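Note: hydrogens, waters and symmetry copies are ignored here, and every other heavy atom, side chains too, is used. Below, read A as the first sequence line, B as the second, and so on, with proteins coming before strands; counting in each chain starts at 1. Note that the structure is predicted; figures quoted are calculated from it, not measured.
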Amino acid sequence: MKTQLQALITQAVTTLQQRDDLPAEIHLDIQIERTRDKNHGDFACNVALMLAKQARCKPRDLAQKIVDALPASAMVNKVEIAGPGFINFFMTEGSQRAVINKIIESGEAFGHSTIGQGKRVQVEFVSANPTGPLHVGHGRGAAYGATVADLLAAAGFKVHREYYVNDAGRQMNILAASTWLRYLENCGEAIIFPSNGYKGQYIYDIAAALHQTYGDALRHAANTVLDDLPEDENADGSGDKELYIDALVERSKTLLGEEGYKIVFDAALNSILADIREDLQEFGVIYEEWFSENSLVASGAIDRAVGRLKVSGHLYEQNGAWWFRSTDFGDEKDRVVIRENGQATYFASDIAYHMDKLERGFDRVIDVWGADHHGYVPRVKAALQALGDDVDKLDVLLVQFAILYRGGEKAQMSTRSGEFVTLRQLREEVGNDAARFFYVMRKCEQHMDFDLDLAKSQSNDNPVFYIQYAHARICSVMRQLDEKGLSWQLLDEDKFALLDNEHEQALITTLSRYPEVVEAAALAHEPHQIAYYLRDLANDFHTYYNAHQFIVDEEAVRNARLALIIAVRQVISNGLGLLGVSSPDKM
RNA sequence: GCGCCCGUAGCUCAGCUGGAUAGAGCGCCACCCUCCGGAGGUGGAGGCCAGAGGUUCGAAUCCUCUCGGGCGCGCCA
């Protein structure tokens, strides 16, 4: 409807240009807004205000000219000029009501658009290091990323969801060493666990499974493992935990040999990755691809990326290391890509990864990162620029942390103790639906207070419950209809004239907004718009429900009202679906 | 110290990218009700949009500064 009005105004503006009432040069996208106040009609356009200066005439006079030049339309009942020069459109009731049948006919596809024109978008999200289970911070990234991806798909983009698996690098080696030490404990060796090792319960589980499969085959005496290593960090602060753990990793590799080490390493990686995969899948988060960092090494992509930077003169050598001159592209300082010891840094992998993404031919690339990584954005963009790629194809969306509250108190334990709240625990406590909804209820850059008590509550205060309840209520009405031996029939549009009270009008308007909301939410990467919309829709429905009976004796009225609420049910179901939330028939 | 994000009703947050009288949900106050599906419904109070300048027809929204909160500033990932 908006786009149709846009077309009308564009036509009027070109007419004025042909008559020299407006300069030919102007180029403005015409904005049509929903009005807040019914007195201002259904839609408003501020084009006269925007063009007044260029046209060198008063906004209201220009508005009048535009209105006079406006082609006739069956949808428009009345056009008014108001305030400083707004053009207000009053739509015919029939054109508004047409949305009911449109929804019922389109079904699940209602709200989908083609604005994305099939352009290929890659969305990379979560990408947590496979060194332990996902925690609630990752959960927000998961819910947000998955919803943004689904929204883009609904808007007609071709979406590729991807998880970047950091299966290379030092942390993974520390994980492998930690696992091996727990395994040795399992074998009966007396081990002093390193202060910088992974101490979580899940390491014990992996070690136990390893012991079950391989018995004592990977066993080495404790003293051969631990003797002659540098000092670990002691209680008094002496020693160096980093130096110690690195030496321990080297010792593990030496003693186990390439093959044995790989067994331990893969056992830890695969076990944790399988856990993450299952966790996300249960959360309704599905990926097209799990992209291995290691594969970048194997494919030579890292060497290739570094080589390209070297050749183009963006790299220099200093203190035995290779630095990328990212300051040329606005970064705060230059960054190391190849360490003194010849190893590539994580940043080098990331350059190669983003190079690879663009080489794969995506029109847009979206990274969803935790807000703590924001300092990383300039250097990645700098690298893409240095490689001569189009930086504007990359969007980095930063997601702030969520703080859990229970009984008005912070419920999140510190990561220091190794005892953080996992995503799985959260899902078990509040359910997938509430978790998915609450996570995307806020704008991503907003710090979020996650109220666990509210998420669990079965009351109208809980927005998830409130929306799902509306859906279940409609299903219940239909069951009621069935019990009374009645059935519902699709109507011709003119019969919807029977829907003439204020509640019905409000519902119809809200329903017709849905496609606009989906489109806006998709383009702005703002799932919360859907959440707010659904609450509005549910609210309109509940108000209607309280004010009127649907199953009335008069058949035409009954069918019209049922058509309306069936449309409501469809839109609620579509909207919740986009958020990864279920639409129960009964609760 | 430098950089990024945030500051809107008592609380949690929207505000359609510069538009008309700044909105919603809890909480609070006052009435009504127990009806297809529940502790339900209707109305009301509550704001110098952190503060100060600036940009223009017009600012919660854009620019500068100040204050307050979060997060970053490794040859870690």
To the side chain of [X], which of [options] is closest?
X      : options             : result
A/D372 : B/C36, B/G72, B/G70 : B/G72
A/N460 : B/G3, B/G40, B/A14  : B/G40
A/Q549 : B/C26, B/C36, B/C75 : B/C36
A/N546 : B/C76, B/G41, B/U17 : B/G41
A/H447 : B/A20, B/C26, B/C5  : B/C5
A/R442 : B/C71, B/A14, B/A77 : B/A14
A/K333 : B/G74, B/G37, B/A77 : B/G74
A/E33  : B/C6, B/C13, B/G19  : B/G19
A/H374 : B/A20, B/A77, B/G72 : B/G72
A/N46  : B/G19, B/G3, B/G37  : B/G19

When we call it a touch if two heavy atoms are under 4.0 Å apart, what does [X] touch: a base, just sugar-phosphate, or nothing?
X      : answer
A/Y545 : base
A/H542 : nothing
A/E340 : base
A/N341 : nothing
A/Q343 : nothing

Just checking, is any N or O donor in the side chain of A/N196 or A/E233 under 3.5 Å from an acceptor N or O on the other one? no

| Cationic tip of A/R473 above A/Y545 ring, under 6.0 Å, 45° of axis | yes

Is the phosphate of [N], meaning OP1 or OP2, less than 4.0 Å from a side-chain N or O of [X]?
X      : N     : value
A/K443 : B/G15 : yes
A/Q446 : B/A14 : yes
A/H528 : B/G15 : yes
A/R339 : B/A77 : yes
A/R36  : B/G23 : no

Partner of B/G7 under the Watson-Crick or G-U wobble criteria, both distances under 3.5 Å, comes out as B/C67

*Do A/R561 and A/E504 meet the salt-bridge criterion of a basic N to acidic O distance under 4.0 Å?*
yes

Flag the pair A/E516 and A/K2 as a salt bridge only when some basic side-chain nitrogen lies within less than 4.0 angstrom of an acidic carboxylate oxygen. yes

Check if the side chain of A/D167 and the base of B/A77 share a donor-acceptor pair of N or O atoms closer than 3.5 Å.
no

Regarding B/U17, purine or pyrimidine glycosidic angle vs 90° from 0 gives syn

Nearest-nucleotide check on RNA chain B, A/D461 vs A/F347; residue mapping nearer the 5' end is A/D461

Contacts of A/T543 and A/R379 projected onto RNA chain B by closest heavy atom; the upstream (5') one is A/T543

>> Given 3.5 Å as the limit, does a donor-acceptor pair link the side chain of A/R558 with the main chain of A/V552, or not?
In response: yes

Review point. Is A/F86 stacked on the base of B/A20, meaning ring centres closer than 5.5 Å and planes within 30 degrees of each other?
Key: yes

ring-ring contact (aromatic ring centres under 6.0 Å, His included) evaluation trace for A/Y316 with A/F324:
CA-CA 7 Å; A/Y316 62 91; A/F324 168 48; 9.4 Å; no

